[in-house]
Amino acid sequence: MRHCISCCIALLSNDLHNQCFRCRGPGHNSQKCPLCREENKVLLHVDSKQMNLLAILEVRTDHSESWAGLFCLKKGKLCSLMFGLLIMMLVMASYILTGAKHSLLLMQPTLHYGTFTSNSNYMDNESLCDTKDQSSKMNISYVKDYPSIKVIIDTIASNIEFIDRRLPDMEDLKKQETHMFSVIPNKFLPNSKNPCWYEEYGGNTSRDPYATNSYALYSKRFRTIFDYLRKVFWNHLYHYQDKHYRLRCLPHFYIIGQPKCGTTDLYDRLRLHPDVRFSAIKEPHWWTRKRFGIIRLRDGFHNRYPVEDYLDLFDLAAHQIQNALQEDTSKEYNKLIIGEASASTMWDNNAWIFFYDNSTDGEPPFLIQDFIHAFQPNAKLIVMLRDPVERLYSDYLYFASANKSVEDFHEKVTESLQLFENCLVDYSLRACVYNNTINNAMPVRLQVGLYVVFLLDWLTVFKKDQILILRLEDHASNVKFTMHMVFQFLDLGALTEKQEALITKSPASNTRRPADRNLGPMLPITREILRDFYQPFNTKLAQVLSDEAFLWRKP
């Protein structure tokens with residue numbers, strides 16, 4: 001009958017080692033042997049102290065065999081054991097010799113070309129060093145990783161190719177959004193700067209025109225706005241030949257991007273102008289998300305928001321425009337203009353893969369600008385950009401929910417670079433930029449800073465003079481100058497000195513939170529990596545705009 005016994009293995013002192021050798025004789029009695037009692041386990045000695053140490057090796061024994069066959073290892077296994085002990089002794093020796101200075105560093109952390117993982121061994125040893133030493137060691141480690149990351153960046157740069165996209169036919173657009181084209185007309189009122197029109201209203205005074213509006217159902221704050229609109233709705237209907245009409249409007253201009261580039265501050269200042277009105281909600285995200293039924297893509301799809309829900313957001317402005325039109329019909333057009341400021345409009349086409357299945361080589365056949373241009377070929381577009389390196393870090397600090405640190409940001413950047421590089425091996429630049437799978441997998445929104453890719457696609461449908469490109473750095477240093485550029489671009493009237501002071505001297509909006517400021521700047525090596533990555537895109541952007549300021553070179 002066979003059974004298992006456990007043998008504890010370690011470095012033995014001389015007297016115990018000799019005793020163990022003597023007990024190997026054929027006349028050995030395991031019942032009387034002091035080493036074999038206590039469940040056949042050998043107590044090990046290191047520096048004259050007893051301890052149960054290292055591995056437990058299970059071996060099988062047969063009572064009918066001699067003691068040597070029952071307890072001792074065969075010669076082959078004994079050699080393997082001794083070899084293992086020798087390796088362990090070398091490791092222990094390396095620890096004793098170097099541990100005082102460097103701790104037990106069996107392997108330097110390296111960045112593998114295939115995957116990126118955090119170094120848990122290093123983090124476990126952080127308590128051994130003060131904060132300054134930790135930062136220094138991490139920087140040294142990341143600097144050593146730079147050549148491997150540079151290979152990835154060089155591979156990305158070698159696969160960058162800016163190719164004009166093929167525009168879709170109008171009939172194809174109509175097939176994709178039949179309802180939208182049935183609601184929005186192709187002609188608007190001639191005496192309004194905004195694309196407005198009268199739509200017949202078939203309800204009565206008891207009917208709630210906003211009962212099914214998805215925006216009203218989504219937020220209590222939005223419901224407050226719609227409660228007011230319900231009260232004044234009937235008073236703003238236009239009555240003609242026993243029919244009722246409501247004024248519908250789309251925005252005259254759009255602030256289309258980019259996130260964390262100062263769009264909120266621009267919006268807050270511009271809405272103070274007496275001739276500017278905005279949607280009831282600052283960022284409806286209708287063109288990019290809500291019309292597809294997306295609130296957050298990771299949460300799945302909801303009911304699609306129809307275009308009527310989006311138009312309802314401009315009813316407050318439409319009421320004021322209607323009043324102005326009725327009060328003074330002698331004017332060529334009403335001077336009030338409507339704006340919309342969703343910072344996702346320029347870049348977010350993530351939903352296309354779920355709705356437009358006639359793709360070509362992984363590229364979306366239809367983009368947001370195709371539909372906006374189909375209805376509003378004369379729309380004006382405002383873009384606020386920022387050094388993409390700083391934009392990405394600000395984006396990370398704003399949207400990351402926990403465990404934020406400069407080291408975590410660095411790891412997320414390297415992982416995102418790897419994912420983007422892997423995509424470019426098989427697909428075009430545009431296909432990777434608009435790839436929903438890649439965008440969701442990247443832990444930081446690396447693609448949002450590829451401004452020129454998005455801008456070139458917008459320039460395929462809109463004229464260059466219809467798009468105003470601003471830099472956050474210029475806006476922050478001279479608010480008055482950039483706001484004058486915006487006023488001129490939108491053909492807004494002159495302001496009084498008091499009105500201008502109110503707009504230009506108010507504090508900046510949506511600045512970095514104190515807790516995020518306390519994290520400090522990103523690691524220098526992270527900044528260098530990102531500058532290398534964005535450099536070819538910035539170079540192309542500066543060429544398109546004929547302005548070297550968009551290279552974001554540091555003085």
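Keep in mind that the numbers below use all heavy atoms, side chains included, and drop hydrogens, waters and symmetry copies.
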Inset, instruction - Applying salt bridge (charged side-chain N to carboxylate O under 4.0 Å, His left out), run through K404 and D408 and close with a yes or a no. - result: CA-CA 6 Å; K404 288 184 284 190; D408 179 66; over 6 Å; no

Legend entry - Derivation and outcome, side-chain contact (heavy atoms from CB on, under 4.5 Å), residues I469 and Y451: CA-CA 11 Å; I469 311 293; Y451 307 138; over 6 Å; no

Legend entry - Pair N422-I438, side-chain contact (heavy atoms from CB on, under 4.5 Å): steps then yes or no: CA-CA 10 Å; N422 288 341; I438 297 298; over 6 Å; no

Inset, instruction - Using the side-chain contact (heavy atoms from CB on, under 4.5 Å) rule, take H285 and I294 through it: C-alpha gap first, then chi angles, then the decisive distance, then the call. - result: CA-CA 9 Å; H285 296 297; I294 298 171; over 6 Å; no

Legend entry - Candidate pair E421 and Q418, rule side chain to side chain donor-acceptor pair (under 3.5 Å), full reasoning: CA-CA 5 Å; E421 184 242 6; Q418 177 69 82; 2.8 Å; yes

Legend entry - side-chain contact (heavy atoms from CB on, under 4.5 Å) evaluation trace for H484 with T504: CA-CA 10 Å; H484 278 188; T504 60; 5.7 Å; no

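Atom-to-atom distance recorded for L167:CG and D172:CG is 11.5 Å, nearest 0.5 angstrom. Here the CE-NE2 distance, from M483 to H273, works out to 8.5 Å after rounding to the nearest 0.5 Å. Atom CD of E548 sits about 5.5 Å away from atom CZ of R553, to the nearest 0.5 Å. Here the straight-line distance linking atom OG of S344 with atom CD of Q258 works out to 9.5 Å at 0.5 Å rounding. Here the straight-line distance linking atom NE2 of H410 with atom OG1 of T526 works out to 5.0 Å at 0.5 Å rounding. A distance of 7.0 Å separates CG of L446 from CG of L530, quoted to the nearest 0.5 Å.
By the 30° and 60° cut-offs, the orientation of the rings of Y356 relative to F292 is perpendicular. Ring geometry, F409 versus Y396: the interplanar angle falls from 30° to 60°, so the pair is classed tilted. Relative ring orientation between F462 and H373 is described as perpendicular, the plane-to-plane angle rising above 60° on a 0-90° scale split at 30° and 60°. Y254 and W287 have perpendicular rings, their planes meeting at more than 60° on a 0 to 90° scale where under 30° would count as parallel. The aromatic rings of Y240 and Y238 sit parallel, their planes meeting at an angle under 30°, below the 60° perpendicular limit. Between F420 and F533, the ring planes are perpendicular. Angles over 60° get that label, and only those under 30° would be called parallel. Relative ring orientation between F366 and F371 is described as tilted, the plane-to-plane angle lying within the 30° to 60° band.
Under the 3.5 Å distance criterion, the side-chain polar atoms of W286 are matched with a main-chain donor or acceptor of Y305. The main-chain N or O of R391 is never found under 3.5 Å from a side-chain atom of S394 such that the two would form a donor-acceptor pair. One N or O on the side chain of N213 and one on the backbone of A216 form a donor-acceptor pair closer than 3.5 Å. Between the side chain of Q376 and the backbone N or O of N194, no donor-acceptor pair lies under 3.5 Å. Judged by distance alone, the side chain of Q466 and the main-chain N or O of L381 form no donor-acceptor pair under 3.5 Å. No side-chain donor-acceptor contact under 3.5 Å links T345 to the backbone of I256. Side chain of E340 to main chain of S342: a donor-acceptor pair is present (N/O by atom type, distance under 3.5 Å, no hydrogens or angles). A donor-acceptor contact shorter than 3.5 Å is absent between the side chain of E161 and the backbone of L429. Side chain of D348 to main chain of N350: a donor-acceptor pair is present (N/O by atom type, distance under 3.5 Å, no hydrogens or angles). Between the N439 side chain and the Y434 main chain, no donor and acceptor come within less than 3.5 Å of each other.
Counting heavy atoms of neighbouring residues, nucleotides and ligands inside a 6.0 Å radius, atom CD of E200 exceeds 12 of them. More than 12 heavy atoms of other residues, nucleotides or ligands sit less than 6.0 Å from atom CD of Q499. Counting heavy-atom neighbours within 6.0 Å of N403 CG, excluding the residue itself, gives a total of 12 or less. By the 6.0 Å contact criterion, NZ on K464 is enclosed, its count of non-hydrogen atoms from other residues, nucleotides or ligands being greater than 12. The local environment of CG in N303 is sparse, with at most 12 non-hydrogen atoms from other residues, nucleotides or ligands closer than 6.0 Å.
Looking at F181 and F375, their side chains come closer than 4.5 Å, going by heavy atoms from C-beta outward. W552 places a side-chain heavy atom less than 4.5 Å from the side chain of L541. Within the 4.5 Å cutoff, the side chain of H319 has heavy atoms near those of the L229 side chain. I529 has its side chain within reach of I153: a pair of non-hydrogen atoms, C-beta onward, lies under 4.5 Å apart. In this structure, L250 and L311 have side chains that are in contact, with non-hydrogen atoms separated by less than 4.5 Å. A 4.5 Å side-chain heavy-atom check between V413 and L392 finds at least one atom pair inside the cut-off. Residues F355 and R291 form no side-chain contact, since every pair of their non-hydrogen atoms from C-beta on lies 4.5 Å or further apart. Side-chain contact between L455 and L385 is absent, with no heavy atoms from C-beta onward closer than 4.5 Å.
Salt-bridge formation is detected for the pair D370/R165: a Lys NZ or Arg NE/NH1/NH2 atom is positioned less than 4.0 Å from an Asp or Glu carboxylate oxygen. One finds a salt bridge joining K380 and D491 here, because a Lys/Arg side-chain nitrogen approaches an Asp/Glu carboxylate oxygen to under 4.0 Å. Ion pair R527/D387 not flagged as a salt bridge, since none of the NZ, NE, NH1 or NH2 atoms sits closer than 4.0 Å to an Asp/Glu carboxylate oxygen. Salt bridge annotation for D227-R223: absent, with no cationic side-chain nitrogen under 4.0 angstrom from a carboxylate oxygen. Using a cut-off of 4.0 Å between Lys/Arg side-chain N and Asp/Glu carboxylate O, D474 and R386 are scored as not salt-bridged. Electrostatic pairing of R304 and E177 counts as a salt bridge here, judged by a charged N lying under 4.0 Å from a carboxylate O.
A donor and an acceptor atom, one from each side chain of Q535 and T539, are located under 3.5 Å apart.
Here Y534 pairs with nothing under the ring-ring contact (aromatic ring centres under 6.0 Å, His included) rule; sequence neighbours left out. Under the side-chain hydrogen bond (donor to acceptor under 3.5 Å, both in side chains) criterion, Q320 pairs with R277, not counting sequence neighbours.
Ring centroid separation for the pair Y245 and Y198 does not come in under the 6.0 Å cut-off. Checked against a 6.0 Å centroid threshold, the rings of Y215 and Y310 do not count as neighbours. Residues F537 and F550 keep their aromatic ring centres 6.0 Å or farther apart.
Screening residues 429-457 for salt bridge (charged side-chain N to carboxylate O under 4.0 Å, His left out), with sequence neighbours left out, gives E363-R430, D395-R445, R430-D457.
The minimum heavy-atom distance between D265 and P507, with the atom names listed, is OD1-O, 4.0 Å.
The residue from F489, F278, F487 that alone fulfils the ring-ring contact (aromatic ring centres under 6.0 Å, His included) condition with F253 is F278.
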